[in-house]
Amino acid sequence: MQKFQFVNPTKIIFGKGQILQLAKEIPSGSKVLVLYGGGSVKKTGLLESIKEVLKDYQLGEFGGIEPNPTYETLMKAVELIRKENYDFLLAVGGGSVIDGTKFIAAAVPFTQGDPWEIIVKHLPIHTALPFATVLTLPATGSEMNSGAVITRKALQAKLAFMSGAVFPRFSILDPMYTYTLPQKQIANGVVDAFIHVMEQYMTYPVAGKVQDRFSEGLLMTLVEEGPKALEDPENYDVRANLMWTATLALNGLIGSGVPQDWSTHMVGHEITALYGLDHAQTLAIVLPSMLEVMKEEKSAKLIQYGERIWNLAADLPAADKSRLAIGKTRNFFESMGVKTRFSDYGLGDEVIEKIIASLEIHGMVKLGEKGTVSPQVVRQVLKLSL
Ligand code: NZQ
Ligand code: ZN
């Protein structure tokens, strides 16, 4: 096991009806800005419930944070907060609203330049506004981590930043808020969480037995419960398991003390920035081909994964185990309704050089757990994904 430090200060408040805790958790006297997306929180009645619970606070609203939140939209919230002096932010939604709120929280006190520099220059964030979340879409883990991915439309750039200053103070996870998710978003969430685990697990062995077993538990839960959520959307136990799995998949725990990959994500971000595909769709396209191209480097873990997640017989030849494990992974995404080839999204080989050029512009030229995923390797991966 590798050396590590692990800290996660976000308080999780989990379960049915926990929205009532909001008034206990947000410091009294705060001036609260509630941030949300394109309006699902209005349709579901969640925004009204929140306003009722927070009726003793000074409250404002900022809606319209889009999927793959943009700098252009978020800077409008930054201006509003500076003008009206909000001192606590409440993100209500999925990963996009939460990521957007993290950027806003860091950008408001950043007055020494354009806040975009926080991302492109990797500037340390010394201070950020306090914020909390009410999660409505289990997928990204953003509700319990310190990362965010922001798009600058004008530059066709989708880039991540991380800082200990942007952990949520607390997150409310009520599985019932996920009942209204469209099937596509349920499936996207399952695939995203699955690939978060894979990016931290599918590398090479370092005798991190507990990390491996945690990761395998999360993967098995997604394989078992994902299809059930599509068939039986109001099954509380299924939704609760998916919600907690997605949070644990990217809250720092399973990645501590083990190598991490993230090449599929970095390529996926470029695809979303260029072609607007959903985050999970891009990952479903890239991961199976990435595993195929990297199967020698990853062979020990690929075999372990095949045996433990897909019950492949121990006496099969190693090459068969790798092939079957990759095939079963692709089939799982397809069975959830997330397509795994560029052609399924109306894209062809014209995408390859554009994606490579974007990766090079963003310095993503030595990806993977050993830095061996070069533009040339990505080119092979993309060809296999057509
Ligand atoms: O905008 P509204 O109207 O709320 O609708 C949203 C949106 O259209 C809808 N939705 C959310 N909860 C709902 C609901 N509809 C009905 N009922 C509900 N309960 O779902 C749509 C997608 O929402 P979005 O927040 O975009 O999805 P997701 O949670 O998958 O977030 C994706 C973003 O997170 C980033 C991605 O790159 C992408 O920008 N990621 C963030 C990470 C992190 N912070 O650690 C890691 C991830 O790898 C990922 O990159
Ligand atoms: Zn992801």
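Order of appearance sets the numbers: ligands from 1, and atoms from 1 within every ligand.
Ligand 1 has an N or O atom lying under 3.5 Å from an N or O atom of Gly147, backbone or side chain. An N or O contact shorter than 3.5 Å links Ser142 to ligand 1 by distance. For the pair Thr44 and ligand 1, the shortest N or O to N or O distance does not fall below 3.5 Å. For the pair His196 and ligand 1, the shortest N or O to N or O distance falls below 3.5 Å. Among the atoms of Gly39, some N or O lies under 3.5 angstrom from an N or O of ligand 1. Backbone and side-chain nitrogen or oxygen atoms of Gly38 are examined, and one is located within less than 3.5 angstrom of a nitrogen or oxygen of ligand 1.
Taking a 6.0 Å sphere around CE of Met1, one finds it holds more than 12 heavy atoms contributed by other residues, nucleotides or ligands. The neighbour count for Arg323 CZ, taken as heavy atoms of other residues, nucleotides or ligands under 6.0 Å away, is above 12. Around the NZ atom of Lys383, the shell of radius 6.0 Å holds no more than 12 heavy atoms that belong to other residues, nucleotides or ligands. In the displayed structure, Lys16 atom NZ is contacted under 6.0 Å by at most 12 heavy atoms of other residues, nucleotides or ligands.
Each of the atoms 36 (C), 37 (O), 38 (C), 39 (O) of ligand 1 lies under 4.0 Å from some heavy atom of Lys158. Remark: ligand 1 atoms within the under-4.0 Å shell around heavy atoms of Thr180 are 16 (C), 17 (N), 18 (C), 19 (N). Atoms of ligand 1 found under 4.0 Å from any heavy atom of Gly37, numbered from 1 in the order shown, are 1 (O). Heavy-atom proximity to Pro182, at under 4.0 Å, picks out these atoms of ligand 1: 15 (N), 16 (C). Below 4.0 Å from some heavy atom of His265 lie the following atoms of ligand 1, by number and element: 48 (O).
Atom 6 (C) of ligand 1 lies below 4.0 Å from none of the non-hydrogen atoms of the protein. Checking atom 35 (C) of ligand 1 against the protein gives a heavy-atom contact under 4.0 Å.
In this structure, Leu277 and Ile285 have side chains that are in contact, with non-hydrogen atoms separated by less than 4.5 Å.
Seen from the ring of Tyr201, Lys301 counts as a face-on cation partner, given the 6.0 Å and 45° thresholds.
Assignment of Gly93 to the shell around ligand 1 is not supported, since no heavy atom sits closer than 4.0 Å. Using a 4.0 angstrom heavy-atom cutoff, Asn188 does not count as in contact with ligand 1. The shortest heavy-atom distance from Asp99 to ligand 1 is under 4.0 Å.
Looking at every heavy atom in both residues, Phe342 comes nearest to Ile271 through CZ-CD1, 3.7 Å.
Within the 4.0 Å heavy-atom criterion, the part of Leu250 lying near ligand 1 is the side chain and not the backbone. Only the side chain of Asn145 comes within 4.0 Å of ligand 1, counting heavy atoms alone; its backbone N, CA, C and O stay farther away. Only the backbone of Tyr177 comes within 4.0 Å of ligand 1, counting heavy atoms alone; no side-chain atom from C-beta on gets that close. The residue Glu66 has no part lying near ligand 1, judged by heavy-atom distances below 4.0 Å. At a heavy-atom cutoff of 4.0 Å, ligand 1 is contacted by the side chain of Pro69 but not by its backbone. Residue contacts with ligand 1 for His269 involve side-chain atoms from C-beta outward but no N, CA, C or O (heavy atoms, distance under 4.0 Å).
When each of Val149, Asp99, Ile150, Leu123 is checked for a side-chain contact (heavy atoms from CB on, under 4.5 Å) with Phe161, only Ile150 meets the rule.
You'll find the ring centres of Phe88 and Tyr57 outside the 6.0 Å limit.
Between Tyr305 and Trp310, the angle of the ring planes goes over 60°, which puts this pair in the perpendicular group of the 30/60° scheme. Relative ring orientation between His196 and His279 is described as tilted, the plane-to-plane angle lying within the 30° to 60° band.
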